[in-house]
Amino acid sequence: MSFPRINIECQKIKNNLEIILKNCKKNNIKVTGITKSFCGEKELAEIFVSSGIDYLGDSRMENLEKLKEFNIPKVLIRIPMKSEAKKVVRLADISLNSEMVTIRELNKAAAEIGVVHKIVLMLELGDLREGILPSNILESVKEIISLKNIYIIGFGVNLTCYGGVIPDPKNLGKLVNIAKYVERETGIKIDVVSGGNSSSYYLLENNQLPKGITNLRIGEAILLGRETAYGNRIKNTYDDAFILDAEIVELKRKPSIPEGEIGMDAFGEKPHFEDKGVIQRAILAIGKQDTDITSMTPLDEKISILGASSDHLILDVTNSKKNYQVGDIISFNVRYSALLKLMTSNYVHKNYF
Ligand SMILES: *Cc1c(COP(=O)(O)O)cnc(C)c1O
């Protein structure tokens, strides 16, 4: 068996999906299952598809390529690069967009291969990541309607990711109203009103999601059983479908404070230390190249994470009831940022079971 290793319990993810999909279906919300945090790997995408998810969404063309075999509409959820337009129209049925120059490029690329590419126009509603300003909406929509190989199916918003703005009935209500306004003014039919990511899920649970939202794009809530506006657990879901195992390569009693003048660490930061006297320190063979050490928690609650460099993770195991040895495995629960890096790292073995 090879380490470090991330253990992925498929049954738990399946369970989470069923709970979330049921709740969405009950409220007439279609779900775009977001696969980016597991790099679009087939094992999990397969579970998404067989559970009856409506769309698969990913931010990277490389991942959409892996998802090619699944017979379900695929969505590129990062604003496309102009330079990748040809790939986009080939591998994605739908893309989220906010730049006319890119949309024109998609139109050209779609014409070349004889397809109509669908787009969701993203609106800027306060979080200051992607989106056109609502004041420019009519002008943009009119031009898009004139493009023969582009079909606008809806509007979307992304909140919380950059500015931390929480979705609420007010900002999502605005999205719904803009969609209605455009329908009225242009006569086109807007099917998709995509009200955000896992941070919008709490509104659904509290019956506060504005009527007229028809779609959510959900990744983290499915994988980690948590809504992301307030970080609350979602009832009847698992938050431990992913467990990281890493191996102890050194175990020694050493002081808790380094000796000598303290300069910068491997990442250019000046470290500081708490003096706990001599402690039992374990070094694990995993590091910042593979994970985010601020986003993982040892299952042995008596262990604390002291720090890490590129490929060494240093733990204080002094207070643990277990008598660890070199070669033992320490396990961690992971949150989003660690999950993202662990799944992306080529050095971390993926164990689906
Ligand atoms: C990452 C992403 C999502 C999914 O976010 P989660 O918090 O994992 O649900 C949805 N939409 C866009 C545009 C994204 O980039």
Side-chain angles (χ1 to χ4, degrees), residues 13 16-17 19-21 23-24 29-41 44-45 48 53-64 67 73-81 88 92 94-99 102 119-132 154-167 171-172 175 192-205 209 213-234 237 239 241-242 292 295 334-344:
I13 292 165
N16 291 1
L17 247 171
I19 300 281
I20 288 169
L21 278 180
N23 197 10
C24 287
I29 299 292
K30 297 225 156 124
V31 179
T32 307
I34 304 302
T35 56
K36 69 187 179 202
S37 61
F38 55 89
C39 308
E41 290 299 341
L44 292 183
F48 276 36
I53 209 135
D54 301 286
Y55 308 86
L56 289 178
D58 205 291
S59 48
R60 318 267 170 159
M61 295 317 303
E62 291 83 352
N63 297 348
L64 289 177
L67 299 171
K74 270 146 259 152
V75 189
L76 175 64
I77 60 166
R78 179 167 69 187
I79 305 303
M81 294 182 245
V88 174
I94 305 165
S95 58
L96 310 186
N97 283 273
S98 66
E99 287 291 357
T102 308
I119 65 167
V120 170
L121 202 54
M122 296 300 279
L123 295 178
E124 169 53 52
L125 292 175
D127 200 55
L128 298 180
R129 206 178 74 177
E130 71 272 49
I132 65 166
F155 295 101
V157 67
N158 197 68
L159 297 166
T160 330
C161 278
Y162 171 71
V165 171
I166 295 203
N171 49 32
L172 292 188
L175 176 67
V192 176
V193 183
S194 187
N197 54 53
S198 294
S199 68
S200 296
Y201 189 77
Y202 86 99
L203 291 168
L204 199 62
E205 285 188 314
L209 195 70
I213 299 287
T214 65
N215 171 280
L216 291 176
R217 308 176 307 271
I218 303 186
E220 182 170 351
I222 294 167
L223 300 168
L224 298 177
R226 205 172 277 281
E227 61 80 25
T228 57
Y230 300 100
N232 291 323
R233 291 292 320 281
I234 297 170
T237 62
D239 67 349
F242 297 87
D292 175 355
S295 168
V334 300
R335 291 181 294 283
Y336 187 70
S337 160
L339 177 68
L340 204 55
K341 286 196 164 174
L342 289 163
M343 292 306 289
T344 306

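Indexing begins at 1, ligand by ligand and atom by atom, following the structure's order.
Residues Ile77 and Ile34 have side chains in contact (heavy-atom distance under 4.5 Å, counting atoms from C-beta outward).
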Full working for side-chain contact (heavy atoms from CB on, under 4.5 Å) between Leu159 and Leu172: CA-CA 10 Å; Leu159 297 166; Leu172 292 188; 4.2 Å; yes
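The main-chain N or O of Glu99 is never found under 3.5 Å from a side-chain atom of Asn97 such that the two would form a donor-acceptor pair.
Legend: residues meeting side chain to side chain contact (heavy atoms under 4.5 Å, CB included) with Arg233, ordered by chain and number and at least two apart, are Arg226, Thr237, Asp239. Residues that satisfy the ring-ring contact (aromatic ring centres under 6.0 Å, His included) test with Tyr336, not counting sequence neighbours, are absent from this structure. With sequence neighbours excluded, the residues satisfying ring-ring contact (aromatic ring centres under 6.0 Å, His included) with Phe48 are Phe38.
Among protein residues, Ile34, Lys36, Ile77, Arg129, Glu130, Asn158, Asn197, Ser198, Arg217, Ile218, Gly219, Glu220 come within 4.0 Å of ligand 1, judged on heavy atoms.
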